[in-house]
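All remarks here apply to the structure that follows.
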Amino acid sequence: VNLVESGGGWVQAGESLRLSCAASGFPFDDYAVGWFRQAPGKEREGVSVISRGTSRSIYGDSVKGRFTISRDNTKKMVYLQMTSLKPEDTAVYYCAAGRPPLPYGGDYLDRRLFGIWGQGIQVTVSS
């Protein structure tokens with residue numbers, strides 16, 4: 001069971017980055033997958049999640065309209081396209097997978113729903 005993030009790095013404010021996450025060792029298409037982030041001294045927060053089944057996309061308020069999540073079940077990949085990056089987006093970004101019950105009417109950005117985590121990748125946005 002493994003999730004491996006890639007694509008992080010350093011950019012200037014207003015630029016874009018695309019994060020990728022490769023999954024292995026579990027039935028990927030039967031899991032919700034998403035991205036969380038943690039800045040120094042702050043709690044880990046949900047950025048975006050894409051559900052299993054309907055592939056419904058959920059976004060945190062701070063990234064709506066700027067970030068887009070997608071998944072490729074054939075390749076067992078999940079992506080996060082980040083545009084109009086801001087310094088406050090600076091954090092370690094984590095890929096996660098979980099199986100909330102279906103139907104699920106709760107908060108998909110609740111990290112307690114996710115039991116599989118990647119090691120994280122740094123994204124730094126300078127002003």
Side-chain angles (χ1 to χ4, degrees):
V1 175
N2 205 21
L3 293 170
V4 179
E5 303 96 339
S6 61
W10 178 90
V11 295
Q12 292 191 321
E15 293 184 341
S16 300
L17 269 180
R18 187 195 195 205
L19 301 183
S20 300
C21 175
S24 62
F26 63 97
F28 181 77
D29 56 356
D30 201 31
Y31 277 67
V33 287
W35 295 91
F36 292 73
R37 68 186 182 187
Q38 189 165 17
K42 293 189 176 182
E43 294 277 325
R44 191 171 298 189
E45 66 167 342
V47 175
S48 183
V49 170
I50 189 164
S51 70
R52 56 183 174 135
T54 62
S55 290
R56 174 186 163 215
S57 300
I58 301 96
Y59 297 93
D61 289 341
S62 62
V63 306
K64 282 180 182 175
R66 300 189 298 122
F67 290 11
T68 303
I69 191 170
S70 60
R71 65 188 296 167
D72 185 331
N73 289 340
T74 301
K75 296 181 179 178
K76 297 187 178 182
M77 297 287 294
V78 58
Y79 306 98
L80 186 68
Q81 180 67 48
M82 305 185 291
T83 64
S84 301
L85 282 161
K86 304 175 182 180
E88 50 264 45
D89 294 317
T90 295
V92 177
Y93 283 70
Y94 297 89
C95 181
R99 293 186 78 245
L102 291 178
Y104 182 71
D107 182 7
Y108 265 101
L109 297 178
D110 184 347
R111 63 185 181 183
R112 295 172 295 180
L113 296 175
F114 296 84
I116 304 173
W117 292 85
Q119 290 193 324
I121 193 163
Q122 179 70 44
V123 171
T124 302
V125 184
S126 65
S127 57

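Not measured: the values here are computed from a predicted model.
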| With a cut-off of 6.0 Å (strictly less than), are more than 12 heavy atoms of other residues, nucleotides or ligands near CD of Q119? | no
Of all pairs that satisfy salt bridge (charged side-chain N to carboxylate O under 4.0 Å, His left out), the ones with a partner from [range], not counting sequence neighbours:
range: residues 66-83; value: R66-D89
range: residues 93-109; value: D30-R99
range: residues 6-17; value: none
range: residues 112-127; value: D110-R112

| In chain order, what residues pass the ring-ring contact (aromatic ring centres under 6.0 Å, His included) check against Y108, with sequence neighbours excluded? | Y104
| message | Holding to ring-ring contact (aromatic ring centres under 6.0 Å, His included), I want the full list of residues that pass it with F36, two or more places apart in sequence or in another chain. | response | F114, W117
Counting distance only, does the side-chain N/O of [X] pair as donor-acceptor with the main-chain N or O of [Y] below 3.5 Å?
X: Q38; Y: A91; value: no
X: S48; Y: I58; value: yes
X: T90; Y: V125; value: yes
X: S127; Y: P87; value: no

Non-hydrogen atoms of [X] and [Y] that approach each other most closely:
X: I69; Y: Y59; value: N-OH, 2.9 Å
X: V11; Y: S16; value: CG1-O, 4.0 Å
X: S62; Y: R37; value: OG-NH2, 3.2 Å
X: M82; Y: V123; value: CE-CG2, 4.1 Å
X: L3; Y: C95; value: CD1-O, 3.6 Å

| Any side-chain donor-acceptor pair under 3.5 Å between R52 and Y31? | no
| Do Q122 and T124 have side-chain atoms, one donor and one acceptor, less than 3.5 Å apart? | yes
| request: Find out if a path of hydrophobic residues (ILVMFWY) with successive side-chain heavy-atom gaps under 4.5 Å connects V1 to Y94. | output: no
